[in-house]
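Order of the sequence lines fixes the chain letters, A, B, ..., with proteins taken first and strands second; residue numbering starts at 1 for each chain. Small disclaimer: the values here were computed from a predicted structure and weren't measured.
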Amino acid sequence: MGKQTPLYDAHVQASAKVVDFGGWDMPLHYGSQMKEHELVRNSAGIFDVSHMTIVDLTGDRVAEFLRYLLANNIDRLKQSGKALYSCMLNEKGGVIDDLIVYYVNDTFYRMVVNASTREKDLAWIQKQAKPFAIEINERDDLAMIAVQGPQAREKVHAVLSKLGDKKAQVSELGQFFMAMFEDDWAIARTGYTGEDGYEVMLPNQDACQFWDDCVAQGVKPAGLGARDTLRLEAGMNLYGSDMDETTSPLESALGWTVAWEPAERNFIGRDVLVEQKANGVKRKLVGLVLEEKGVLRNHQLVFIDGLEAGEITSGSYAPSLGTAIAFARVSADVGERAKVEIRGKQVDVRVVKPPFVRNGKAVI
Amino acid sequence: MSNVPSELRFTKSHEWIRLEDDGSVTIGITDHAQDLLGDLVFVETPEVGSTYATGDDCAVVESVKAASDVYSPLSGEITEVNEDLADAPEVINTDPYGKGWIFKMTLADEGEIDSLLDATAYSDQIAAEE
């Protein structure tokens with residue numbers, strides 16, 4: 001038996017198929033992964049993402065520390081509550097993890113990192129933070145619930161209207177902003193589905209009530225299976241599949257998250273990335289769309305002009321498109337067409353730039 | 001609980017087999033198998049006229065999350081495949097023992113049917129797995 005979130009019993013009661021995910025017992029689906037996917041694209045779904053790791057960083061030198069720790073630049077965060085997506089790199093420019101960092105104030109930033117990388121991330125952050133005298137506080141007292149879909153915000157607003165003054169502040173939030181409250185609730189207009197919605201961080205003991213309140217508003221539970229197809233369609237990388245410590249952001253379609261300016265900002269891995277940028281990388285991450293029937297899967301080989309040119313890092317059937325799609329790491333000189341080998345047979349794929357779906361609509 | 005019709009025969013690898021009046025057999029995957037796989041999105045059927053020995057992989061069913069081989073439960077020749085699955089693989093989820101059939105075959109040795117599991121033995125097997 002793995003670790004359980006405060007919502008475990010609610011999942012079991014909702015007939016979830018529970019699977020191990022990075023040491024956690026998590027709901028894969030509640031009957032039909034496909035229906036849950038469609039629900040999030042068309043109305044709203046609720047996900048338990050309490051396995052994610054929330055880390056609060058405080059101290060006088062926390063901004064200085066994060067300028068060094070992260071490949072993206074927290075100086076882009078000017079307004080309280082604003083969020084930034086970044087990679088955390090090792091000295092070789094490999095990705096230790098991808099994360100969201102929220103700016104609360106000049107001495108307080110919150111990071112949300114992956115579940116499967118929790119131990120190594122905390123060890124790395126602690127090691128790098130030593131010279132900066134930062135206080136690092138892992139918030140395992142908090143649960144995290146994502147409500148996503150075109151109707152997600154109005155449903156959450158209806159729930160919040162019962163909860164003090166939260167609704168007024170939350171309904172004003174812009175994309176990628178978080179509102180933090182004194183009772184340890186924090187509500188962010190972020191997500192991992194390509195749809196509008198919120199990610200709600202809240203005390204463990206409040207999680208079940210909020211979940212039930214959302215369900216009472218007609219928001220249906222969605223599992224990690226749907227979360228994976230939604231993020232793939234939305235063109236969002238999954239750590240451990242699409243990038244890891246052996247690949248740099250430039251080889252992972254994450255060049256846009258590297259802040260090159262100002263040139264004097266020294267962040268971990270910078271030297272290697274600068275060299276890669278100057279010389280060009282040999283491999284890059286692209287999107288593939290299967291043009292015939294079948295399903296693309298992780299680790300299937302990609303061929304260009306008859307030669308092996310890389311492999312699929314995330315592949316699946318895309319419920320919103322009715323065909324199979326994938327991310328693949330391939331030779332950087334890839335053109336518009338390639339082939340993928342499925343069970344010994346080569347099939348035609350189109351090479352595209354993700355996302356595949358945005359706000360419910362196909363964009364490829 | 002999975003539906004295990006008493007008039008069918010089964011394999012350990014979750015295929016069902018129905019003996020037709022003309023001595024041929026119709027084959028699909030069980031209710032338990034479709035439940036494990038989840039929403040089906042693609043089926044690769046065998047070619048009509050090809051022959052398989054017992055245990056050969058002869059078809060593939062793919063759900064959103066996984067691909068799974070379908071094994072020939074008996075030795076024989078493929079006489080018909082379910083063409084409707086190309087556009088509607090999900091009928092295997094909704095009607096695994098009816099519209100979700102995958103292929104039909106004529107047998108090299110009808111006596112082989114006796115080696116298959118009956119409904120009780122198959123029910124015991126899936127109960128033991130859970």
(message) Working to the nearest 0.5 angstrom, can you tell me the gap between A/Leu296 CG and B/Glu62 CD?
(response) 9.0 Å
(message) Using a 4.5 Å heavy-atom cutoff, which residues in residues 14-31 of chain A come close to chain B?
(response) A/Lys17, A/Leu28, A/His29
(message) Counting only heavy atoms not in A/Glu336 (residues, nucleotides, ligands), do more than 12 fall under 6.0 Å from its CD?
(response) no
(message) Is B/Glu90 close to chain A through its backbone or its side chain, or both, or neither, when contacts mean heavy atoms under 4.5 Å?
(response) neither
(message) For B/Val43, which atoms come within 4.5 Å of any heavy atom of chain A: side chain, backbone, both, or neither?
(response) neither
(request) Check B/Val41 against A/Met34 and note the closest heavy-atom contact, atom names and distance. (result) CG1-CE, 3.6 Å
(message) Does any backbone or side-chain atom of A/Ser32 lie under 4.5 Å from a heavy atom of chain B? Answer side chain, backbone, both or neither.
(response) both
(message) Working to the nearest 0.5 angstrom, can you tell me the gap between A/Arg343 CZ and B/Asp69 CG?
(response) 7.5 Å
(message) For B/Asp87 and A/Lys293: C-alpha separation, side-chain torsions, deciding distance, then whether side chain to side chain contact (heavy atoms under 4.5 Å, CB included) applies.
(response) CA-CA 9 Å; B/Asp87 292 318; A/Lys293 288 194 185 288; 3.4 Å; yes
(request) Evaluate whether atom CD of A/Glu292 has more than 12 neighbouring non-hydrogen atoms of other residues, nucleotides or ligands under 6.0 angstrom away. (result) yes
(message) Under a 4.5 Å cutoff for heavy-atom pairs, which residue among B/Val64, B/Asn93, B/Asp35 has the most contacts with chain A?
(response) B/Val64
(request) Find the distance between CZ (B/Phe42) and CG (A/Leu290) and round it off to the nearest 0.5 Å. (result) 8.5 Å
(message) If I measure from the heavy atoms of chain A, does B/Ala67 come under 4.5 Å with its side chain, its backbone, both, or neither?
(response) both
(message) Is it the case that over 12 heavy atoms from other parts of the model lie below 6.0 angstrom from the NZ atom of A/Lys35?
(response) no
